[in-house]
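Can you read through this structure? Questions will come right after.
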Amino acid sequence: MKMSDTLAQAFDDQITLEFEASMTYRQLAIEVDVRDLPGMASWLRHQADEEIVHANKFIDHMVDRDMHPAIGAIAKPEITCENVLDVFQAALDHERKVSEAIRTLYRTAEAEGDLDSRPLLNWFLEEQIEEESTVSEIIGRLELIKDDGPGLLRLDAELGQRPVETTENTQA
């Protein structure tokens, strides 16, 4: 039931990356909030909270297997955004980084012969496909909108309709 040291370190690294993703989304939320786009800011804050839920899933998995997870150092997000499209492109770039890290974690678990990690990692593989697809769709719509103010405000309103949840994955 316990993990190898190699796999435990890989899980710790993923936990840290999930918290880094949360901080990245928080910074991106600030970037649109200062542009007076509260719906997009809300959507991005929700994503930040979702990343904490993801970190908790990895933590719970390790604790359930009698391991002691440890969060590593989390660097300040280094984000430069000239416009809203840049914000969502930064989000997609980070999602791709997380996706590759999960694939690497999956490969590590396979190399270590750790069958117990498969259900969790399979869930994350599917989740990352959804995450990248969603952000890609928003980018596609922003590319269509370009500098159209009413279009941007419509998208802002739409993204602001996302239900509010907490990091414990329940309605607030």
Side-chain angles (χ1 to χ4, degrees), residues 10-60 69-105 120-121 123-172:
F11 264 77
D12 285 346
D13 293 345
Q14 188 64 42
I15 289 165
T16 302
L17 183 59
E18 297 293 339
F19 283 117
E20 178 186 305
S22 179
M23 297 303 293
T24 298
Y25 272 117
R26 287 283 173 192
Q27 185 62 50
L28 293 172
I30 291 167
E31 295 300 318
V32 293
D33 212 7
V34 299
R35 289 173 170 86
D36 297 322
L37 296 166
M40 290 181 188
S42 176
W43 190 91
L44 290 160
R45 283 192 302 272
H46 178 85
Q47 285 299 111
D49 289 346
E50 192 173 276
E51 299 301 338
I52 293 171
V53 170
H54 292 172
N56 287 338
K57 285 180 179 281
F58 284 112
I59 291 167
D60 292 346
I71 302 167
I74 301 169
K76 170 186 157 198
E78 296 295 332
I79 297 168
T80 304
C81 299
E82 298 291 322
N83 54 51
V84 178
L85 182 59
D86 288 350
V87 169
F88 283 91
Q89 188 58 57
L92 181 59
D93 292 345
H94 202 78
E95 286 296 350
R96 287 177 174 157
K97 177 181 177 181
V98 171
S99 294
E100 185 53 36
I102 290 169
R103 288 189 291 271
T104 299
L105 180 57
L120 177 70
L121 296 176
W123 183 88
F124 272 102
L125 290 171
E126 289 182 30
E127 174 72 4
Q128 284 308 119
I129 290 169
E130 178 186 324
E131 296 290 342
E132 286 187 39
S133 175
T134 299
V135 178
S136 290
E137 181 180 313
I138 294 169
I139 288 171
R141 293 173 75 193
L142 286 167
E143 288 171 339
L144 288 171
I145 292 168
K146 297 193 188 311
D147 293 328
D148 178 55
L152 191 60
L153 292 175
R154 273 193 305 276
L155 182 57
D156 181 63
E158 180 184 326
L159 293 178
Q161 297 301 311
R162 187 174 188 175
V164 177
E165 295 180 340
T166 69
T167 57
E168 296 304 318
N169 211 22
T170 59
Q171 292 285 10

Practice problem: Would you mind reporting whether L28 and V32 have side-chain heavy atoms less than 4.5 Å apart? | Solution: no
Self-check item: Qualifying residues under side chain to side chain donor-acceptor pair (under 3.5 Å), relative to E131, sequence neighbours excluded
Solution: Q47
Quiz item: Taking only residues two or more places apart in sequence or in another chain, which ones pass salt bridge (charged side-chain N to carboxylate O under 4.0 Å, His left out) with E100?
Solution: R103, R107
Quiz item: Out of curiosity, K57 NZ to W123 CH2, how far, rounded to the nearest 0.5 Å?
Solution: 4.5 Å
Quiz item: Quick one: side chain to side chain contact (heavy atoms under 4.5 Å, CB included) partners of I74, sequence neighbours excluded?
Solution: T16, F19, E20, M23, I71
Quiz prompt | Pairing of R26 and E31 as salt bridge, 4.0 angstrom limit | solution = no
Practice problem: Sorted by first residue and then second, give each ring pair (Phe, Tyr, Trp, His ring centres under 6.0 Å) pair with at least one member in residues 127-147; sequence neighbours left out. | Solution: none
Quiz prompt | Shortest non-hydrogen contact from A48 toward S22 | solution = O-OG, 2.9 Å
Exercise. Spell out, as yes or no, whether a donor-acceptor pair under 3.5 Å connects the side chain of Q128 to the backbone of E95.
Key: yes
Quiz item: How far does OG of S42 sit from CZ of R162, to the nearest 0.5 angstrom?
Solution: 8.5 Å
Quiz item: How long is the span from the CD1 atom in I59 to the CD1 atom in I15, to the nearest 0.5 Å?
Solution: 4.5 Å
Quiz item: What's the verdict on side chain to side chain contact (heavy atoms under 4.5 Å, CB included) for H46 and Y25, showing C-alpha distance, side-chain angles and the deciding distance?
Solution: CA-CA 9 Å; H46 178 85; Y25 272 117; over 6 Å; no
Practice problem: Keeping to residues at least two apart or across chains, list the salt bridge (Lys or Arg N to Asp or Glu O under 4.0 Å) pairs with something in residues 144-156. | Solution: none
Self-check item: ring-ring contact (aromatic ring centres under 6.0 Å, His included) involving F11 - partner list, sequence neighbours excluded
Solution: F58, H61
Quiz item: Roughly how far apart are H54 NE2 and L120 CG, rounded to 0.5 Å?
Solution: 10.0 Å
Quiz item: Between atom OG of S136 and atom CZ of R141, what is the distance when rounded to the nearest 0.5 Å?
Solution: 13.5 Å
Quiz prompt | Distance, nearest 0.5 Å, that separates CG of L121 from CG of L105 | solution = 5.0 Å
Practice problem: Of all the heavy-atom pairs spanning D12 and P69, show the shortest one and how long it is. | Solution: OD1-CA, 3.4 Å
Quiz item: How would you list, by chain and number, every residue that makes a side chain to side chain donor-acceptor pair (under 3.5 Å) with E137, sequence neighbours excluded?
Solution: none
For residues 84-94, which side-chain donor-acceptor pairs fall under 3.5 Å, sequence neighbours excluded?
unit_1	atom_1	unit_2	atom_2	d
D86	OD2	E82	N	2.8
Q89	NE2	D93	OD1	3.0

Quiz item: Mind checking what makes side chain to side chain contact (heavy atoms under 4.5 Å, CB included) contact with D13, not counting sequence neighbours?
Solution: Q9
Practice problem: Could you walk me through whether V98 and Q14 pass the side chain to side chain contact (heavy atoms under 4.5 Å, CB included) test, one step at a time? | Solution: CA-CA 8 Å; V98 171; Q14 188 64 42; 4.0 Å; yes
Practice problem: Only counting residues at least two apart or in another chain, list the ones meeting side chain to side chain contact (heavy atoms under 4.5 Å, CB included) with E130. | Solution: E127, T134
Practice problem: Not counting sequence neighbours, which residues clear salt bridge (charged side-chain N to carboxylate O under 4.0 Å, His left out) with D33? List them please. | Solution: R45
